[in-house]
Amino acid sequence: MSPRMGGRSLRTRLLLFIGVTLAVVCAAMAGTTAMVQRAYLMGDLDGRVANAGQRSLGGAGIHPDDTAGLSFLMETGQPVGLLAARLDEDGSIVSAAVVSQDAPPQNLTTAQRAPLNGIAADGSKHTVTVPGLGTYRVTALDSNGIRVLTGLPMDDVQHMISGLVMVEAGVALAGLTIAGVVCAVVIRRQLRPLGRVAATAVEVSRAPLDRGEVTALTRVPARDTDPGSEAGQVGAALNRMIDHVESALAERQRSEEQMRHSEERMRRFLADASHELRTPLASIAGYAELMNRGTDRIEPVLAWRRVSAESARMTGLVEDLLLLARLDEGRPLNSGEVDLAALVAEAVWDARAAGGGHEWHLALNLDTAPALVTGDESRLHQVVANLLANARMHTPPGTTVVAEVETTGERCVVRVRDDGPGIPGELLPRVFERFTRADISRARAAGSEGGSGLGLAIVAAIVGAHGGRIDVRSEPGRTEFTVELPAAQDGPAPPPRNTMVETPPPRAAIL
């Protein structure tokens, strides 16, 4: 394809191609028809010329002694324009005349005879142009020394062929005009879907895909996505590509949002961790400075107690952060069979010793199977201990805390609930995030210390590392944490237990 044609629209190129093709076809058909018609007319004319020659030869044979006579032209029935001549042995014209309309035959002049000289008397057909008379189809015959040349005019044949060509040219021109109009309309209508597809592609290409939020991109209409047509296939393919683009954009936006959220969480985490570490460090530095100035400003024993307390607080915070880091990295935990019933009973016993102002209850619902799981016993104990400590620290004295263990098919469930004031609704969605505190909204026992906000985050991380899940539901008067862990596949089957105790015995008594 030439560069000039490549710059034109598809519609123009189709019209030009179809127009040229139709013109070539019409020209070929007209030429073929004219050639066939001319061959037919020439065959008919040659037949009439041969008949006229035989007739003239017969008329000349009546008078064999008259070698130059053309009396046979006077016979009735001779066609107008018939040309006849007598030839000598050398093929030269002896006499020649032509039949005229309502007049005796007219002799040919020397100039008119010249084109007739030299024609062999062998019966073959020749086309010659006679000056003043036109084009003739002639033949020469020889019979017993009588040589006659006869010819008929070709004007009728030429006029008919010319008329046929003119008619075919007119018909072809009219047909090409009508076909061009019809093709233009048809091509215009057939290319409309492709135009709509192109318009959709242009609109999509103008969308700011490199920035901003993901918006719904324009789609090709359903009527232009029919797989039965090429334009429909292009439209369907464009819609699929747009779907992929939107999916990629949505994924990019989700990744960017996750990155922003991660950065925000990281900044908040660093700020909270720095604040939590700065407080005990400031206390340690302050007491050290007081002791450095002299013992008269503060009692050494009190100072060392406060330094030890703040140091222990800072050590616990650092250990919690290290535990979360190890869990985030997916480091493997110790694995063994753990009896959740005994573990929870021991944790409740420890919680009762630490929070004597609360009512502590243990419920074991083990009718179907023992509460055996596979995991790290110390970390699972930390999960229950943190949940109980959370209930103790954020509820007033006199609150009832119930720790319940039950088995449900392939899961072991631990529930810790209390009848305290509950968790505020705005805090509930992020209660398992790091450094999230409920001290502002939930009452604490007087003189108790608030945590660092990592207890529930550690619980969620440990439960997740064991393949379980944790959930919380809270309303005023009822807050319940639910921990679900996969039950151990093969384990011992102690007798089922279903008990409710207020002051659970230590582990040795349960086992």
Any idea which heavy atoms bring [X] and [Y] closest together, and the distance?
| X | Y | result |
| --- | --- | --- |
| Thr407 | Ala371 | CG2-CA, 3.7 Å |
| Ala391 | Asp418 | CB-OD2, 3.9 Å |
| Val165 | Ala34 | CG2-CB, 4.0 Å |
| Thr395 | Pro421 | CG2-CD, 4.4 Å |
| Gly235 | Val197 | CA-CG2, 3.9 Å |
| Leu366 | Val405 | CD2-O, 4.1 Å |

Side-chain contact, heavy-atom cut-off 4.5 Å: [X] with [Y]?
| X | Y | result |
| --- | --- | --- |
| Glu404 | Arg417 | yes |
| Arg392 | Val401 | no |
| Cys412 | Glu484 | no |
| Leu456 | Leu387 | yes |
| Leu380 | Val384 | no |

With rounding to the nearest 0.5 angstrom, report the [atom1] to [atom2] distance, [X] to [Y].
| X | Y | atom1 | atom2 | result |
| --- | --- | --- | --- | --- |
| Arg192 | Leu194 | CZ | CG | 13.5 Å |
| Thr32 | Gln37 | OG1 | CD | 13.0 Å |
| Trp360 | Thr399 | CH2 | OG1 | 9.0 Å |
| Arg352 | Leu362 | CZ | CG | 12.5 Å |
| Glu251 | Gln258 | CD | CD | 7.0 Å |
| Glu377 | Glu346 | CD | CD | 8.0 Å |

Can you tell me if [atom1] on [X] sees more than 12 non-hydrogen neighbours from other groups inside 6.0 Å?
| X | atom1 | value |
| --- | --- | --- |
| Arg411 | CZ | yes |
| Glu410 | CD | no |
| Arg196 | CZ | yes |

Who passes side chain to side chain contact (heavy atoms under 4.5 Å, CB included) against [X], sequence neighbours left out?
| X | result |
| --- | --- |
| Ala236 | Thr225, Arg240 |
| Thr21 | Phe17, Val25 |
| Ile18 | Leu22, Cys183, Ile187 |
| Val171 | Val167 |

message: Quick check on side chain to side chain contact (heavy atoms under 4.5 Å, CB included): which of Val414, Ile462, Leu485, Val459 does Ile470 satisfy it with?
response: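 In the set Val414, Ile462, Leu485, Val459, the residue that makes a side chain to side chain contact (heavy atoms under 4.5 Å, CB included) with Ile470 is Val459.
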query: Who are the salt bridge (charged side-chain N to carboxylate O under 4.0 Å, His left out) partners of Glu406, not counting sequence neighbours?
result: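 Salt bridge (charged side-chain N to carboxylate O under 4.0 Å, His left out) list for Glu406, sorted by chain: Arg415.
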message: Applying side chain to side chain donor-acceptor pair (under 3.5 Å) as the test, list every pair that has at least one member in residues 461-477; sequence neighbours left out.
response: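 Matches after skipping sequence neighbours: Ser474-Thr479.
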